[in-house]
Amino acid sequence: MQGIHWHRLKFFPNAAIVIDRFHVGRYCTRALENVRKRVQKALTPEESKNFKRSRKLLLMHMNKLNDRGTLVVERMLHVSEDLCNAHLLKEKFYEFMDSKNSEEARKGLQEFVVYASVVGLSEFSEHLCVISNWSEYILNRFDCRYTNCFTEGCNNKIKVLKHIAFCYRNFHNLRQCILLTVNPQGPTPCRA
């Protein structure tokens with residue numbers, strides 16, 4: 001997590017600090033991925049066949065998988081208790097993230113932390129540390145539904161344009177292309 005600039009609170013004393021769900025969720029998905037990689041390295045070539053293209057399936061909500069996907073995930077989870085526990089932790093975390101309000105979210109987060117502590121997978125220690133340090137701001141997300149997804153999307157588009165903009169001879173042309181690209185109703189990106 002990036003540091004919070006406390007001096008901004010001086011100018012916006014009633015501002016609620018909110019940590020976006022994407023940033024919290026990626027710690028969970030990274031932990032699950034690390035468990036999957038560790039388990040997969042220990043498998044024989046025959047056993048690892050079930051793990052081909054498994055990343056996407058393991059990261060999806062179980063209730064969003066089709067019958068074939070559910071079967072493949074269940075086969076993978078039978079291979080390792082650690083992977084099964086990591087997957088259950090991910091599902092528990094997704095349940096927490098789908099909470100309707102901060103009160104429900106607080107209970108869900110506590111359940112996740114207790115379960116993760118009991119399971120004791122080292123890959124989830126960083127995730128638990130983030131939750132411990134930032135839980136107040138993570139829970140604020142359930143009371144304040146605003147996100148900075150649009151801003152982050154614009155920043156990503158600008159970075160891509162800067163990367164390919166070596167052919168622009170002046171800043172004005174680059175700026176025009178950026179403005180046309182990040183405008184949701186505007187035309188597709190201009191060409192150099």
Side-chain angles (χ1 to χ4, degrees), residues 1-2 4 16-149 152-153 156:
M1 294 284 158
Q2 294 180 348
I4 293 177
I17 298 170
V18 178
I19 295 179
D20 200 343
R21 66 184 287 153
F22 168 77
H23 296 292
V24 179
R26 75 177 174 183
Y27 282 94
C28 183
T29 58
R30 187 183 305 148
L32 174 61
E33 266 297 284
N34 289 338
V35 171
R36 181 192 62 81
K37 289 174 184 176
R38 175 173 54 85
V39 167
Q40 200 169 348
K41 281 181 185 176
L43 297 176
T44 65
E46 185 65 33
E47 292 172 321
S48 65
K49 284 181 183 177
N50 292 330
F51 283 79
K52 288 194 176 183
R53 297 182 204 90
S54 62
R55 181 182 187 279
K56 185 177 178 183
L57 289 174
L58 284 173
L59 294 179
M60 283 180 72
H61 284 271
M62 273 303 272
N63 60 2
K64 293 185 180 177
L65 290 170
N66 60 24
D67 292 338
R68 185 175 182 282
T70 303
L71 184 66
V72 171
V73 168
E74 287 175 355
R75 226 181 282 143
M76 284 187 284
L77 297 181
H78 284 295
V79 170
S80 164
E81 185 179 345
D82 282 354
L83 184 61
C84 186
N85 284 329
H87 189 265
L88 288 172
L89 277 173
K90 184 260 315 179
E91 287 295 316
K92 199 75 173 156
F93 187 76
Y94 283 2
E95 278 179 36
F96 150 71
M97 293 301 277
D98 290 338
S99 299
K100 304 289 184 247
N101 55 52
S102 59
E103 189 176 311
E104 183 182 321
R106 188 176 305 280
K107 290 176 188 171
L109 188 59
Q110 288 171 346
E111 288 175 13
F112 171 79
V113 169
V114 167
Y115 189 74
S117 300
V118 169
V119 169
L121 291 171
S122 61
E123 289 87 353
F124 280 85
S125 60
E126 185 179 14
H127 189 212
L128 289 173
C129 184
V130 166
I131 289 172
S132 172
N133 292 336
W134 304 93
S135 62
E136 177 186 347
Y137 310 119
I138 294 168
L139 291 171
N140 280 348
R141 176 229 170 243
F142 296 93
D143 293 327
C144 177
R145 296 291 179 160
Y146 298 111
T147 69
N148 62 346
C149 294
E152 288 188 20
N156 189 37

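Because the structure is a prediction, the values reported are computed rather than measured.
- In this view, His78 satisfies the ring-ring contact (aromatic ring centres under 6.0 Å, His included) rule with no residue, not counting sequence neighbours.
- With values rounded to the nearest 0.5 angstrom, Glu104 atom CD is found 8.5 Å from Phe142 atom CZ.
- Shown here for Ser99 and Ala105, the closest heavy-atom pair between the two residues is OG-CA, 3.4 Å.
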Could you go through Asn85 and Tyr115, starting from their C-alpha distance and side-chain angles, then the distance that decides it, and tell me whether this counts as side-chain contact (heavy atoms from CB on, under 4.5 Å)?
CA-CA 9 Å; Asn85 284 329; Tyr115 189 74; 3.6 Å; yes
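- Between atom SG of residue Cys28 and atom CD1 of residue Ile131 there is a gap of 8.0 Å, rounded to the nearest 0.5 Å.
- Remark: Thr44 pairs with Glu46, Glu47 by the side-chain contact (heavy atoms from CB on, under 4.5 Å) rule, at least two apart or across chains.
- Taking CG of Leu89 as the start and CG of Leu32 as the end, the distance is 9.0 Å to the nearest 0.5 Å.
- Judged as a ring-ring contact (aromatic ring centres under 6.0 Å, His included), and not counting sequence neighbours, Phe124 has no contacts.
- Residue Glu152 qualifies as enclosed at atom CD: its count of foreign heavy atoms under 6.0 Å is above 12.
- Rounded to the nearest 0.5 angstrom, Leu57 CG and Glu74 CD are separated by 12.0 Å.
- Evaluation of the salt bridge (charged side-chain N to carboxylate O under 4.0 Å, His left out) rule for Asp143 yields no partner, not counting sequence neighbours.
- Rounded to the nearest 0.5 Å, atoms OG (Ser132) and CG (Leu109) are 10.0 Å apart.
- Partners of Glu111 according to the salt bridge (charged side-chain N to carboxylate O under 4.0 Å, His left out) rule, which considers only residues two or more places apart in sequence or in another chain, are Lys92.
- Taking OG of Ser135 as the reference point, atom CG of Leu128 lies at 12.0 Å (rounded to 0.5 Å).
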Expected list for residues 60-68: side-chain donor-acceptor pairs under 3.5 angstrom, two or more places apart:
| residue | atom | partner | partner atom | Å |
| --- | --- | --- | --- | --- |
| Asn66 | OD1 | Arg68 | N | 3.3 |
| Asn66 | OD1 | Gly69 | N | 2.6 |

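- A side chain to side chain contact (heavy atoms under 4.5 Å, CB included) with Arg30 holds for exactly one of His127, Glu126, Glu123; it is Glu126.
- Residues in residues 77-91 take part in these salt bridge (charged side-chain N to carboxylate O under 4.0 Å, His left out) pairs, two or more places apart or across chains: Arg38-Asp82.
- Ring to ring, Phe96 and Phe112 are not that close: their centroids are 6.0 angstrom or more apart.
- With sequence neighbours excluded, the residues satisfying side-chain contact (heavy atoms from CB on, under 4.5 Å) with Gln110 are Arg106.
- Partners of Arg36 by side-chain contact (heavy atoms from CB on, under 4.5 Å), not counting sequence neighbours, listed by chain and number: Glu33, Gln40, Phe51, Ser54, Arg55, Leu58, Leu83.
- Qualifying side-chain contact (heavy atoms from CB on, under 4.5 Å) partners for Thr29, counting only residues two or more places apart in sequence or in other chains: Arg26, Leu59, Tyr94.
- Checked against the 6.0 Å centroid criterion, the rings of His23 and Tyr137 do not qualify as a close aromatic pair.
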